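Data first, discussion second: the structure below is written as structure tokens.
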Amino acid sequence: MKSTKEKIINILIDNKDKYISGESISEKLEVSRASVWKHIKNLEKEGYQIESKTSQGYKLIGRTDTANPSYEISHRLKTSFMGQRVDYFKTIDSTNIQANKIASQSPEGTVVLADEQTKGKGRIGRTWVSEQNKGLYFSTILKPDIALMQAPFITQLVAASLTKTFLDLGIEISIKWPNDLIYKGKKVAGILTEMSAEIDHISYIIVGIGINLYKKDFEDEIKDKATSFANEGIEIDRIEFLRKFFPNFEDLYEKFKAGDKRECLDILRSRSAVLGREVYKIKEGERVKVFARDIDDMGNLIVEHESGQVETVFTGEISI
Ligand code: BTN
């Protein structure tokens with residue numbers, strides 16, 4: 001159920017660049033004109049730039065960085081559940097931690113988004129540095145009715161959906177199995193998938209995504225391995241990106257649940273940064289040189305050792 005404030009900002013977004021009278025908003029929402037005025041003032045305080053003219057009404061002209069982006073992300077979003085609810089935080093420990101807290105009581109597709117994370121989590125117990133206005137940090141709650149053994153494919157599904165969205169924007173992205181997105185040879189995004197399950201039943205899955213969107217100084221040790229889109233001269237608006245990503249993700253997710261992984265596997269194989277190359281498989285600190293042969297239908301990596309032995313890699317890390 002949307003709040004009156006959210007309904008008002010939605011009306012202003014629909015009528016962007018033209019005036020809409022306080023009277024017509026109050027009639028539409030069946031609230032007093034004083035209440036409309038009060039909500040407009042609150043929206044202005046939040047960072048929406050709204051022009052008021054006595055004879056004409058209100059006009060949305062823009063927003064500052066402090067404005068809550070969740071209204072614009074979800075409004076008229078072309079999905080049936082993904083991203084329909086966005087819980088936005090200026091700062092939080094981790095969007096994955098918050099999504100875990102609310103998952104049982106929240107509908108599938110609920111998103112937790114933050115400007116900054118103080119305890120951002122990466123894979124394998126690492127930290128994901130998440131300073132304010134350096135990246136896009138969000139988590140999505142999924143509740144798929146699938147067998148437990150299918151769950152690891154979710155990370156692949158997200159990697160493929162992100163890649164498809166970047167390609168739609170004309171940005172050449174590749175995927176370093178299992179969870180890194182690569183631009184010009186350097187990591188620009190990572191995925192952290194966490195699951196809450198009983199012995200034979202998935203309660204929910206949290207998919208956390210971190211994308212280096214904005215200008216960022218990387219520490220010396222990772223300078224050669226990581227970059228951000230802004231550092232590479234590419235401007236991406238996070239609201240526009242999410243409004244493109246959620247429909248792509250929902251579409252591939254629905255197909256996957258219906259047993260159709262073809263498009264996803266096509267993207268994983270054709271945009272892979274590892275297939276057809278000699279890479280290093282890293283497990284428990286050990287680096288082993290292997291040839292990356294294929295990605296199987298379960299999303300596992302098939303590698304060939306120098307001895308000729310073929311191995312299916314289910315999880316772990318690959319270095320290129
Ligand atoms: C990795 O490459 O190690 C995965 C990084 C995942 C980072 C994202 S940012 C949003 C979400 N919340 C977290 O604490 N982590 C994920």
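Counting convention: from 1, in listed order, for ligands and their atoms alike. Worth saying up front: this structure is predicted, and the values here are computed from it rather than measured.
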Problem set entry | Contact check: W128 vs ligand 1, nitrogen or oxygen atoms, below 3.5 angstrom |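 No: no nitrogen or oxygen of W128 is under 3.5 Å from one in ligand 1.
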
Problem set entry | Distance from atom 12 (N) of ligand 1 to nearest protein heavy atom, with residue and atom |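 It is Q117 OE1, 2.9 Å.
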
For this session: Quickly, which of N15, V36, I8 forms a side-chain contact (heavy atoms from CB on, under 4.5 Å) with Y58? Name it, please.
Result: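 That would be V36; it is the only one of N15, V36, I8 passing the side-chain contact (heavy atoms from CB on, under 4.5 Å) with Y58.
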
Problem set entry | Among L275, D296, T312, D294, the one residue meeting side-chain contact (heavy atoms from CB on, under 4.5 Å) with L301 |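 Result for side-chain contact (heavy atoms from CB on, under 4.5 Å) with L301: L275.
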
Within ligand 1, which atoms have a heavy atom of [X] less than 4.0 Å away?
{"X": "R123", "answer": "1 (C), 3 (O), 4 (C)"}
{"X": "I209", "answer": "8 (C), 9 (S), 10 (C), 11 (C)"}
{"X": "K121", "answer": "5 (C), 6 (C), 7 (C), 13 (C), 14 (O), 15 (N), 16 (C)"}
{"X": "T95", "answer": "10 (C), 11 (C), 12 (N)"}
{"X": "K187", "answer": "1 (C), 2 (O)"}

Problem set entry | Between S70 and N68, a side-chain donor and acceptor under 3.5 Å |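 Looking only at side-chain atoms, N68 and S70 do form a donor-acceptor pair, the distance falling under 3.5 Å.
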
For this session: For T64 and Q49, test the side chains for any donor-to-acceptor distance below 3.5 angstrom and give the result as yes or no.
Result: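 No pair is found: no donor N or O on one side chain lies under 3.5 Å from an acceptor on the other.
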
Exercise. Heavy atoms, side chains only, cut-off 4.5 Å: are I205 and P144 in contact?
Worked result: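 The answer is yes, as the side chains (C-beta and beyond) meet within the 4.5 Å cut-off.
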
For this session: Could you tell me if any non-hydrogen atom of S130 lies under 4.0 Å from any atom of ligand 1?
Result: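 False for this residue.
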
Exercise. For ligand 1, is there an atom lying under 4.0 Å from some heavy atom of R126?
Worked result: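 Distance cut 4.0 Å: R126 fails for ligand 1.
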
Problem set entry | Region of I191 that comes within reach of ligand 1 [heavy atoms, distance under 4.0 Å] |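 For I191, only backbone atoms sit under 4.0 Å from ligand 1.
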
Exercise. For the residue pair F229 and F241, is the inter-centroid distance of their aromatic rings smaller than 6.0 Å?
Worked result: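 They do not qualify: ring centres at least 6.0 Å apart.
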
